[in-house]
Asker: 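Before we start, here is the structure in question, set down as structure tokens.
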Amino acid sequence: MKAIPITSVWTRLFCGGGWAGAALLSYASIIFSRRRAVGALLLLATFNDPMAGFTGLAGVLISLLFARWMGFNPDLTGQGFLSFNALLCALGVSFLFSFTRETAALYLTLLIAVSILSVLLTVSLNGVFHAYLALPVMSCPFVLATLMLSLATVFITGHPLQSPIRSVFIPDAFCPSSTLALFFQTMGNLFFQNTAAAGLLIAVALLVESRLSFLLAVLGLLEGVWLLDILSFGQARDYLGPVGFNFVLTSIVLGGIFLIPSLASFVYAALGVVLCVFCGAAFQSALGGFNIQPLTVPFNFSALLLLYVLRFRTEPRALLAVDFLSGSAEENLEIHLNRIQRLGHSSIVRMRLPFLGTWTVTQPPRSDLTHQPPWQHAWDFEVAGADGKMFSGAGAELGDYYAYDLPVVAPADGAVVWVTDGVPDNRIGEMNNQQNWGNLLMLFHGYGIYSVLCHLKPGSMKVQLNEQVKQGQLLARCGNSGRSTVPHLHFHVQSQPQIGSPTRAAEFLHYVEETSSGDCFHLTGVPPNGLRLRNFEGDLALTGALRLNVGDEARFDVRAGRRQFIESWKVNVDLYGNIYLESSCRARLYFFISNGVFTAVSFKGTRRCALYGLFLAASRLPFDHHAELQWEDVLGARYILDMFSASLINLLRPFAEPLQIRCRSKMSRESPAAANELSRQPANGEQAVWQVETRLFVRFFNQRPAATDRPFRTLRLSFAPPLGMVSIRMENGHGTKLEATRILL
């Protein structure tokens, strides 16, 4: 009989769709976590009352079995989404009923019924909430199922049977501080455990999951207690017993789970707690006469209401909703800052430059000439010669200007919705004030996004009204029509389809700034006056140099300090379509390649591997065929700090960015001899090697590094297109820290 490896058993049970893993994630989901270790701590907390612990675990297993038998989405089942409400319902059964020989049949019947009902309600309500409200279902199924259980209890027994919670671990006396005891008991009530001992374990689990969520929990509870004291509800602690944990959940959800953590989200969470206090009092008054507890009704009502109203804002300003797969508060903030600082993903419209070749900005947004409100978000472009002038000769004729008759291309995919042609070009120095915009094209790119290209040459239109166009497609040629004294191209974006509508903020994507010191790549930005720029065009040969197609593998000979080992990489894709490099050293690098630009999104795992060197050396890597190219990037401090220091930094990040890693990179092309030597292969003709040098600087509170600053780490990446990447080297002030060379098979 063939032995089954222990690792295989562990994977089947706790990873992927394993039963034990799904059960642990059911517990972790109560505090919005996806970590099985957190779920294990919460599972242990429920066994503070053994009967409650076994009942909750049974409810989870019943719901998982039913969900799989019904054939519901296995991904949702494996993540605990369909079973965490069943867990709460099962714990509610143990709270309402005492398990004895006489009540065993009723107890088990209600447990099975409420567990199955919670799954059905979770699936149904999730469909309704997702389709019509765009809201999470949270614990609404638990509320409805437990309410039905309570009403059924009244009918069956005549009164709800509420059993005391039996502590078998540490007595409440271990916590002499009444404030601490109040906090721990409130945390315990999340799982129907009203002892400080169980609450301590739950608080530890929350702290392990997220320091920001733990802070929000403390602030939410303190605010709730303070409000109760002010409002003189009487016995505040008796009131806190059934509803106090609602303050904690409301604060966590609004402060950092479904909103990006920030000062504004903390204020909004405080507002949510105020609403939750009043809702709790109202529902307690309404349901108390039936001897029914409000449970999580105040939390669900307050949180869902405050999340729903955010959808109707016309200007989302400070409060930003999480529009990706939500994680911990720290993870949500990291993803958001990564977007803003590195990827430029925000509400601002981004397009490619609407021309070919190198042009110069002669009027940027908000210039003192004509780009003033309401048309302040606009650019004028011209073409300069080697001497910096925009024309040759005397500049008295249209043909003297370098920009005249040059191609104008589509800045993005869209449809032509307005064409004006037939307006004659002006003589140099004259303008047509009656037909201000001259010959123009307006393109529709999506709801509320229209691009306008003006002062075009008459008769040069290559597209017609309602024609679909692709980014980079030839549209017309640059002219001097309308309010224009010299040939130039005017470009702006607006929200309405009428000519002359106010412009809206826009940026250009993937462009190269040409300077005397070299070319600088910009992922996105607003080019200022006088900037010479061109569209970045990714080199297909270089783009394939890293060989990063799904399923590709590579091996490296690595030296890290005194260690020498072989490291393997493989390109994989996860369930959500994210592509990542997985190292044999237990590390992952998530990345994507777009328009010839390699972007490392995030890194997880050990830092003592070559994959970590790649992440730092090529956090951003534009594959350009020009001999030299420079660029900058920003990384979060957690990629260089230890876990404790990173946790402290994360507590400050919602309010300010205390620490960043600034990256300065430069790519150059070396001789074929260098490629042959580095790849340890025979000479391969004219093929050159590409070198990327990246210097890392530490900066506090968003300061930019000065030219004289010394980097704390330098990395060198070398690759040749037909060979793939061949070398990574990481150096600090004490010498080489890591060196890896690809083993070519």
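Atom set for the values below is all heavy atoms of this structure, side chains included, hydrogens, waters and symmetry mates excluded.
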Asker: Could you tell me whether the side chains of His488 and Thr362 share a donor-acceptor contact shorter than 3.5 Å?
Answerer: no
Asker: Between Ser668 and Gln691, does any side-chain donor sit less than 3.5 Å from a side-chain acceptor?
Answerer: no
Asker: Indicate yes or no: at least one non-hydrogen side-chain atom of Asp624 is less than 4.5 angstrom from one of Phe521.
Answerer: no
Asker: Please check if atom CZ in Arg352 has more than 12 non-hydrogen atoms from other residues, nucleotides or ligands closer than 6.0 Å.
Answerer: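 It does: Arg352 CZ has more than 12 such atoms within range.
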Asker: For residues Val409 and Leu353, determine if any side-chain heavy atom of one lies less than 4.5 Å from a side-chain heavy atom of the other.
Answerer: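 Contact flag for Val409/Leu353 side chains = no.
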Asker: Atom OH of Tyr404 and atom CG of Asn480: how far apart are they, to the nearest 0.5 Å?
Answerer: 8.0 Å
Asker: Can you name the closest pair of heavy atoms from Asn332 and Pro261 and give their distance?
Answerer: CB-CD, 4.4 Å
Asker: One pair to check against ring-ring contact (aromatic ring centres under 6.0 Å, His included): Phe591 and Tyr580. What are the steps and the verdict?
Answerer: CA-CA 6 Å; Phe591 71 93; Tyr580 61 92; 8.7 Å; no
Asker: For the side-chain hydrogen bond (donor to acceptor under 3.5 Å, both in side chains) test, which of Gln496, Gln498, His492 pairs with Gln494?
Answerer: His492
Asker: Are side-chain heavy atoms of Val419 and Gln464 found at a separation under 4.5 Å?
Answerer: no
Asker: Taking all atoms of both residues into account, what is the closest heavy-atom pair of Pro528 and Val361, and its distance?
Answerer: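 For Pro528 and Val361, the tightest heavy-atom pair comes out as O-CB, 3.3 Å.
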Asker: Are Leu441 and Val463 packed together at the side-chain level, in the sense that at least one heavy-atom pair is separated by less than 4.5 angstrom?
Answerer: yes
Asker: Can a donor-acceptor pair be found between the side chains of Asp633 and Ser619 at a distance below 3.5 Å?
Answerer: yes
Asker: Could you grab the distance from atom CZ of Phe603 to atom CZ of Arg638, nearest 0.5 Å is fine?
Answerer: 10.0 Å
Asker: Report the C-alpha separation of Lys666 and Glu693 in whole Å, then their side-chain angles, then the decisive distance to 0.1 Å, and conclude whether the salt bridge (charged side-chain N to carboxylate O under 4.0 Å, His left out) test is met.
Answerer: CA-CA 5 Å; Lys666 182 177 182 179; Glu693 180 181 88; over 6 Å; no
Asker: Would you say that Val416 contacts Leu443 through its side chain, given a criterion of any heavy-atom pair below 4.5 Å between the two side chains?
Answerer: yes
Asker: Mind running side chain to side chain contact (heavy atoms under 4.5 Å, CB included) on Glu513 and His522 for me, showing each step along the way?
Answerer: CA-CA 7 Å; Glu513 172 188 358; His522 296 268; 2.9 Å; yes
Asker: Tell me, please, which residues at least two apart from Ser501 pass side-chain hydrogen bond (donor to acceptor under 3.5 Å, both in side chains).
Answerer: none
Asker: Using a 4.5 Å cut-off on heavy atoms from C-beta on, say whether the side chain of Ile661 contacts that of Val698.
Answerer: no
Asker: To check you understand the geometry: which heavy-atom pair defines the closest contact between His510 and Asn595, and what is its length?
Answerer: ND1-CB, 3.3 Å
Asker: Within this structure, what is the CG-CH2 distance for the pair Leu533 and Trp359, rounded to the nearest 0.5 Å?
Answerer: 11.0 Å
Asker: So, Ser665 and Thr694: side-chain donor and acceptor under 3.5 Å apart, yes or no?
Answerer: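 Thr694 and Ser665 do have a side-chain donor-acceptor pair below 3.5 Å.
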Asker: Flag the pair Glu582 and Lys570 as a salt bridge only when some basic side-chain nitrogen lies within less than 4.0 angstrom of an acidic carboxylate oxygen.
Answerer: no
Asker: Where does the angle between the aromatic ring planes of Tyr511 and Phe508 fall among parallel (under 30°), tilted (30 to 60°) and perpendicular (over 60°)?
Answerer: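 Ring orientation, 0 to 90° scale: perpendicular.
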Asker: Quick one, Phe491 with Phe381, criterion ring-ring contact (aromatic ring centres under 6.0 Å, His included). Give me CA distance, side-chain angles, the key distance, then yes/no.
Answerer: CA-CA 8 Å; Phe491 174 83; Phe381 298 101; 7.3 Å; no
Asker: Are any of the side-chain nitrogens in Glu334 or Arg653 under 4.0 Å away from the carboxylate oxygens of its partner?
Answerer: yes
Asker: Can you see which heavy atom on Trp375 is nearest to which on Gly500, and at what distance?
Answerer: NE1-O, 2.9 Å
Asker: Using every non-hydrogen atom in the two residues, find where Met442 and Ile499 come nearest and quote the distance to one decimal.
Answerer: CE-CD1, 3.3 Å
Asker: Testing the basics here: between Ser495 and Arg504, what is the closest heavy-atom pair and its distance to 0.1 Å?
Answerer: OG-CD, 3.2 Å
Asker: The test is side chain to side chain contact (heavy atoms under 4.5 Å, CB included); show your working for Cys520 and Gln630 and say whether it passes.
Answerer: CA-CA 5 Å; Cys520 295; Gln630 304 173 32; 4.2 Å; yes
Asker: Counting C-beta onward and ignoring hydrogens, is there a side-chain heavy-atom pair between Asp405 and Leu398 closer than 4.5 Å?
Answerer: no
Asker: Decide yes or no on side chain to side chain contact (heavy atoms under 4.5 Å, CB included) for Met390 and Val383, but give the supporting numbers first.
Answerer: CA-CA 6 Å; Met390 307 299 170; Val383 178; 5.9 Å; no
Asker: Are the side chains of Leu635 and Cys663 in touch, meaning some heavy atoms are under 4.5 Å apart?
Answerer: yes
Asker: Step through the shown structure and confirm whether more than 12 heavy atoms of other residues, nucleotides or ligands are within 6.0 Å of CZ on Arg311.
Answerer: yes
Asker: Take the angle between the ring planes of His490 and His455 and call it parallel below 30°, perpendicular above 60°, tilted in between.
Answerer: perpendicular
Asker: May I ask you to decide whether Lys457 forms a salt bridge with Asp425, counting only side-chain N to carboxylate O separations under 4.0 Å?
Answerer: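 No, no charged N to carboxylate O under 4.0 Å.
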Asker: Are Thr599 and Arg620 close enough that a side-chain donor and a side-chain acceptor fall under 3.5 Å?
Answerer: no
Asker: How are the rings of Trp569 and Phe556 set relative to one another: parallel (under 30°), tilted (30 to 60°) or perpendicular (over 60°)?
Answerer: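 If you compare the ring of Trp569 with that of Phe556, the planes turn out tilted.
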Asker: Any Lys/Arg nitrogen of Asp519 or Arg534 sitting under 4.0 Å from an Asp/Glu carboxylate oxygen of the other?
Answerer: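 Between Arg534 and Asp519 there is a salt bridge, with a charged N closer than 4.0 Å to a carboxylate O.
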Asker: Would you compute the distance between atom CZ of Arg342 and atom CD of Glu632 and round it to the nearest 0.5 angstrom?
Answerer: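 So the CZ of Arg342 and the CD of Glu632 are separated by 13.0 Å.
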Asker: Taking the cut-offs as 6.0 angstrom to the six-membered ring centre and 45 degrees off its axis, would you call Arg664 and Phe697 a cation-pi pair?
Answerer: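 That pair qualifies as a cation-pi contact.
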Asker: Do the rings of Phe444 and Tyr450 sit parallel, tilted or perpendicular, given the 30° and 60° boundaries?
Answerer: tilted
Asker: Using the ring of each side chain (for Trp, its six-membered ring), is Trp690 parallel, tilted or perpendicular to Phe719, with breaks at 30° and 60°?
Answerer: parallel
Asker: Determine, stepwise, if the pair Thr714 / Arg695 fulfils side-chain hydrogen bond (donor to acceptor under 3.5 Å, both in side chains).
Answerer: CA-CA 5 Å; Thr714 301; Arg695 297 184 177 186; 4.7 Å; no
Asker: Show your reasoning for whether side chain to side chain contact (heavy atoms under 4.5 Å, CB included) applies to Trp437 and Thr420.
Answerer: CA-CA 9 Å; Trp437 305 98; Thr420 298; over 6 Å; no
Asker: Calculate, to the nearest 0.5 Å, the distance between atoms CD and OG1 belonging to Gln372 and Thr370 respectively.
Answerer: 8.5 Å
Asker: Got a second to check how far Leu456's CG is from Asp421's CG, nearest 0.5 Å?
Answerer: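 Taking CG in Leu456 and CG in Asp421, the distance rounds to 8.5 Å.
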Asker: Just to verify, what does Asn439 make a side-chain hydrogen bond (donor to acceptor under 3.5 Å, both in side chains) with, not counting sequence neighbours?
Answerer: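 Expected list: Ser481.
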